[in-house]
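For the single chain, residues carry numbers from 1 onward in sequence order. Just so it is clear, the model here is predicted, and its values are computed rather than measured.
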Amino acid sequence: MKGFLFFMACLLTASMPLSSCKGSNRGDDDKSKVLVAYFSVTGNTKAVAEHIAYVTGGDVWRIEPVLPYSSRDLDYRTAESRSSREQHDATARPQMFRDTPKLDRYEIVFVGYPIWWGIAPRIIESFLEGGDFKGKTVIPFCTSASSPLGKSGELLHKCAPDADWRPGRRFAEGTGRDEVKQWVDEVLGIE
């Protein structure tokens, strides 16, 4: 009998919806209406993306290049580094490991990236140009030790011109969940 009760308890626990493990879901059903897409090399942007997903109940989607960046690729002091060449070529579109997800079920898409040479890495343009953002609210966020958001968010508008773009924000390394939540509430107009 104890074995049967234990089995039933395990079965009940396993059948609970995973959405109950997320943060507050701002939608009115079990499906998230928020996608948090991000590109991160050092983990700083990933941390902020996870905070946003937690406070919105959103889904997380990692933007990954087919060929990961090595430390040599990221050497900004060398004009021949991969990242330098990409950032100085406005037509560069690094290939993503997987295509931009279907956005049908999402109303809001947060797009996160580190600041490289004062702008978003070119793979962010690959992501935006690969999806249908018509009618979606798109909110950029970035991470940097010292560089501001600048015009990086505005420059991305051309990649998804039919989206409803909201103002973005730069976050420093180690930004906490409370600070991220305050910004998310402001940008979404939640009191």
Side-chain angles (χ1 to χ4, degrees), residues 13-65 94 96-116 120-144 149 152-157 159-191:
T13 302
S15 66
M16 293 176 78
L18 289 177
S19 63
S20 64
C21 297
K22 293 183 180 180
S24 61
N25 190 339
R26 307 233 172 167
D28 54 2
D29 57 24
D30 286 343
K31 292 184 179 177
S32 173
K33 294 181 181 197
V34 176
L35 177 66
V36 184
Y38 74 93
F39 170 68
S40 186
V41 176
T42 63
N44 293 331
T45 306
K46 177 184 179 185
V48 174
E50 289 173 347
H51 289 326
I52 293 170
Y54 182 84
V55 301
T56 63
D59 295 333
V60 176
W61 198 83
R62 184 175 174 197
I63 300 168
E64 299 175 87
M96 296 188 310
F97 182 71
R98 42 189 185 150
D99 293 336
T100 302
K102 291 191 183 256
L103 302 169
D104 310 14
R105 64 184 267 200
Y106 301 108
E107 295 175 6
I108 300 167
V109 181
F110 286 88
V111 180
Y113 50 89
I115 290 289
W116 287 2
R122 298 293 180 192
I123 197 165
I124 299 301
E125 292 168 299
S126 301
F127 169 78
L128 291 168
E129 291 171 357
D132 180 7
F133 289 86
K134 185 175 185 171
K136 307 295 180 194
T137 298
V138 179
I139 307 165
F141 67 95
C142 70
T143 55
S144 172
L149 178 70
S152 70
E154 292 172 31
L155 292 173
L156 296 174
H157 292 197
C159 299
D162 295 328
D164 172 22
W165 286 87
R166 299 279 173 92
R169 174 156 174 204
R170 172 201 157 273
F171 292 96
E173 179 181 359
T175 299
R177 186 175 292 153
D178 290 342
E179 184 177 343
V180 171
K181 181 182 183 317
Q182 181 179 359
W183 173 70
V184 167
D185 287 350
E186 286 172 15
V187 79
L188 294 180
I190 298 169
E191 295 181 20

Please find the pair of heavy atoms, one from [X] and one from [Y], that lie closest to each other, and give the distance.
{"X": "A120", "Y": "S152", "result": "N-CB, 3.9 Å"}
{"X": "V60", "Y": "A53", "result": "CG2-CB, 3.3 Å"}
{"X": "P161", "Y": "C159", "result": "CD-C, 3.6 Å"}
{"X": "P101", "Y": "L35", "result": "CG-CD2, 4.0 Å"}
{"X": "D99", "Y": "W61", "result": "O-CZ2, 3.1 Å"}

From [X] atom [atom1] to [Y] atom [atom2], the distance as rounded to the nearest 0.5 Å:
{"X": "I115", "Y": "N44", "atom1": "CD1", "atom2": "CG", "value": "12.5 Å"}
{"X": "Q182", "Y": "R177", "atom1": "CD", "atom2": "CZ", "value": "15.5 Å"}
{"X": "E64", "Y": "Y38", "atom1": "CD", "atom2": "OH", "value": "7.5 Å"}
{"X": "D162", "Y": "D132", "atom1": "CG", "atom2": "CG", "value": "7.5 Å"}
{"X": "T100", "Y": "L128", "atom1": "OG1", "atom2": "CG", "value": "7.5 Å"}
{"X": "Y113", "Y": "E125", "atom1": "OH", "atom2": "CD", "value": "10.0 Å"}

State whether the side chain of [X] and the backbone N or O of [Y] hold a donor-acceptor pair below 3.5 Å, judged by distance alone.
{"X": "R98", "Y": "R62", "result": "yes"}
{"X": "K136", "Y": "V109", "result": "no"}
{"X": "S126", "Y": "P94", "result": "yes"}
{"X": "R170", "Y": "S144", "result": "yes"}
{"X": "T143", "Y": "F171", "result": "no"}

Given side chains that start at C-beta, do those of [X] and [Y] come closer than 4.5 Å, heavy atoms only?
{"X": "L188", "Y": "I139", "result": "yes"}
{"X": "F141", "Y": "V36", "result": "yes"}
{"X": "E107", "Y": "T137", "result": "no"}
{"X": "P140", "Y": "W165", "result": "yes"}
{"X": "T42", "Y": "P114", "result": "no"}

Sub-6.0 Å ring centroid separation between F133 and Y106: no
Is the ring pair F110/W183 parallel, tilted or perpendicular, if the boundaries are 30 and 60 degrees? perpendicular
Please determine whether side chain to side chain contact (heavy atoms under 4.5 Å, CB included) holds for the pair R169 and V187, giving the CA-CA distance in whole Å, both sets of side-chain angles, and the decisive distance to 0.1 Å. CA-CA 10 Å; R169 174 156 174 204; V187 79; over 6 Å; no
